[in-house]
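Step one of this worksheet: look at the structure below.
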Amino acid sequence: MHPSPHASDTITPPPHTGVGRYAAFLVAGRKFVVPATDVAEVLRDGRVNKVPRAPESLAGLLNLRGRIVPVIDLRRRLGLPSTESASGRPTATVHLVLQATEEWSSLLVDEILDVIEIDAARFEPVVSQQQTDATDATTAVYASDDGLMYLLDIRQVLRPTTRPRPTTA
Amino acid sequence: MDNREFVQEFLVESSENLDQLDRDLVALEATPDDPDRLASIFRTVHTIKGTSGFFGFSKLGALAHSGEHLLGRLRDGTIRLNEEIAGTLLSMVDAVRAILRNIEETGDEGLSDFRELSDAIAAMSEGREPAPPSGMRPRSAGQSVAAPSPRAQDTPASEVKVERLAIPPKPSVEKSVPPPPAPAAATAPIEAPAEPASETASSVPPPPPTTVEANPNVAADSGGTSAKAPPSAAESSVRVDVGLLGSILDLVGELVLARNQLRLAAADIPQVQDAVRRVHAVTSSLQETAMKTRMQPIAQVFSRFPRVVRDLSVSCGKDVRLEIDGAETELDRTLIESIRDPLTHLVRNAVDHGIEPPSERVKLGKPSAGLLSLRAFHESGQVTVEVRDDGRGIPVDAIRRKAVARGLVDSATAERLSDDEVLQYIFEPGFSTAATVTDVSGRGVGMDVVKTNIEAIGGTVDVRSTPGKGTTIRVRIPLTLAIIPALIVKCGPQRLAIPQASVCELVPLARREGDASLSAAGERRGAVIEGLETAPVIRLRGELLPVVSLSKLLGLEPDDDPSAETLHHGGTVVRVEVDDHEFGVIVDDMQSAAGSTEAAGLTTIVVKPAGSLVAPIGLYAGATVMGDGGVTLILDLRGIARAADIPERLQRTHQADIPASPLGDVADATTGDSVLAPVVVCRSRHGRRVALPARKVSRLERFAEKAVEQTTDRSVVRHAGSFLPLVDLDDFLSGTTRPIGVGQVQAVVLNTSSGPIGLVVDEILDVAMPDTPPVSLDTVDDLQGTSWGARRWERRMVEVAGQAAELLDILGDTSTPITQALTT
């Protein structure tokens, strides 16, 4: 019952060699992939319960059959440009539920694309002049025929980087 | 302390050890020179000897001692194991079993003293051939442990069991649920009609060997696995994998959830109400029982400390007396595991750093033996474990210097920090002030780990230390982590759970400020939020309770007009107590509990971790899934208190229930004397009986000597960031100004128009309604020439409980603020 060190503390292993299956999805117009084995399920409509005073990247908590799963607003987490409506509600409504870590998590994404096969050798390191939230969380990039696909480091995404907003006393 | 539980534990443990001994001895016969096995056997017998000595079981001790002696010779290689010796040792094991069984059944060791066996063992230790006593034949390995040879003569208890095997089974429900502490009492009456009572057992002839041979397995296990035999301690308790218990508890948690869902869903279906109620009742009992399976006495941790302390005090050259209290206090097994290391660390610290060497203690006028006290007790749904020593205390100044040296704080700030605040630095990683690093502690690792470990299980560590007097460390841990009753509150769009263990009461708030004045006199109205915007309070039975607006704290409402919000906030104040904080949480409403048999808003929740992303926010203790499937966060009240800057409650010894004035402050400005209003009656240090209007009293408080700060002509205590002037009541009445003197003081804190003032009294006598309306004597007005400046009050007398008292009512229109003279 008490907190155990999460698997998220371990360093993400480099992509496996050989051809692997990856789930591709769209966030703010960009394509990302995660290993297909990390995906637990895809949820089209989940009731997200907000957590007051949470970092803005945490959209809330989701009840997944009795399991409490944090929901990450991936667009905010990666600091990607806003495509949201004026209401301030995230437009992304698809839950990509991941079982990559001991503590499950759900990523709010715009659209699930497909499961694709990528040869690990074709991933290239992300080169960037500037360290950003987005580059921190992407370990590699794959140039596919229809654009770049970034390999998302889930453990890095789940690592709390943004400090919680200060509470007013 | 209840010895019986420990005896019971000893019995269970020994029974397991004896089985192991059987196996080891038999195996040893095959490889007589196996030193490891021999050492293991030796240790086991030694343990039995030691424990029996501890409980005063002399026969058992003597028997184990003789066995140990023989085993010692074997270990030394003085003599070599042969069949005879092995047989004798196995007989000893059987005899030990018999005694244990007797202890379990009757509470004492029984009549048989196994002299023949002891003699035989002694003879073998000396290498002599024992004269085989009648009925005791050395057994060979080939006969295996099934041979019951010595029992026929020596162990009446075993014999009874064997005898019972021959009796046809008779139905008995009671037997299947034996109360372990007193099995003899419980089973005797059941057996009486069919079988001669066990007292007569010794006269029963030895059973025909065939009976035993026919049931070798039963005989081998002296406990007897037969359903007929009264179960031994080992049988009535079962070892269960902790993981299994955990999953049972998880499943029960799911069941509780489903039950709650069912209750919601079935609320409108009258036909299923009975079944729902039954499911509810059964689930509740199941849950309670499941929780109990995980409860264990803290003795499991405490029991190792006598040894730890002994060894430590020897190696540190200290003389330490250990006192243990409350070892029977139960808490969740997983928690017991989690506090084992932190507590050991605290104990080590106390012996190594806290308690001075005997010579130093004598010089200081302390008893040469230091006192280390370990105490565990339940306190409002939590378990408190206290580690207290009367040693040198923690050198606050050294910590202050060290904190500055390590750059944790700048020196100017460090000087302003209170001792308690400075003490917090010992929880910083790598912080140690120990002059010497010893084997035991002082390497600067520890207190931070202690704190981290305790906080990981939702607990707190609190340190108090007085230089020269000692240190007290209080570890507070939740009783259990899994399933708790909670109050579900609503706040804006949010639903939140408050652990019920911390909830004291619910106080309705007046809807609007206007409502309060509109309500008829005497009618009970809601509380009103008063005080500063940054530190709102409500008045509750004459005391001020700091309150926190949850919607504001959680950012659920826009902050643009805070004053309007706090003043016109309807809803409810949930008064909570956690650690040394007592405060109110303002919420909109209680969750309505549809179909619930419990009070509105109260429900049982299954605590789940909210996850690594929510924990750092510091306001939530976890989350739970509600009956409707939504996720509800559980408030961490400590975190709330921290975030809202709730001052720590000062020591309050006088928890007087001051009856609320029906008119409150509304009456104050206008009437004031025509109505009976409750008063606080106290005795001044010079013996005057003085009554103070309860509505003016904000609290009754006792201040420790060190809390009172003296200047040349006055005394103050620092309270919640400001100074509270303390004035002796006699001095106040006579208009003198001087410090109140030293020592602990009892004060009545009054709210006056110019701020609070603490009147120091000798004793609080009563809080009551006067018998008569006050009788006016004269008006004391404008006493010139005193350092108080202008004062004005009416001198009136009231009668309370048949005795007259002077009514001191400081009027609101005092021209010069009373406290101005003190605080400026």
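Just so it is clear: chains get the letters A, B, ... in the order the sequence lines come, proteins before strands, and each one is counted from 1.
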Exercise. For the side chain of A:Arg53 and the backbone of B:Gly618, is there at least one donor-acceptor N/O pair under 3.5 Å apart?
Worked result: no

Exercise. Among B:Ala615, B:Pro493, B:Gly630, B:Gly622, which residue forms the greatest number of heavy-atom pairs with chain A at distances under 4.5 Å?
Worked result: B:Gly630

Problem set entry | A:Leu61 portion near chain B, given a 4.5 angstrom heavy-atom threshold | both

Exercise. Does the A:Glu103 side chain pair with the main chain of B:Ser612, one donor and one acceptor, at a distance under 3.5 Å?
Worked result: yes

Problem set entry | Residue part contacting chain A, namely of B:Thr624, when any heavy atom lies under 4.5 Å | backbone

Exercise. In this structure, are over 12 heavy atoms from other groups packed under 6.0 Å from A:Arg122 atom CZ?
Worked result: no

Exercise. If you measure from CG on B:Leu613 to OG on A:Ser57, what distance do you get to the nearest 0.5 Å?
Worked result: 7.0 Å

For this session: Please tell me if the side chains of B:Val631 and A:Leu62 come closer than 4.5 Å, counting only heavy atoms from C-beta onward.
Result: no

Exercise. For the side chain of B:Gln494 and the backbone of A:Asn49, is there at least one donor-acceptor N/O pair under 3.5 Å apart?
Worked result: no

Exercise. Ignoring hydrogens and geometry, is there a side-chain-to-backbone donor-acceptor pair from B:Tyr620 to A:Pro52 under 3.5 Å?
Worked result: yes

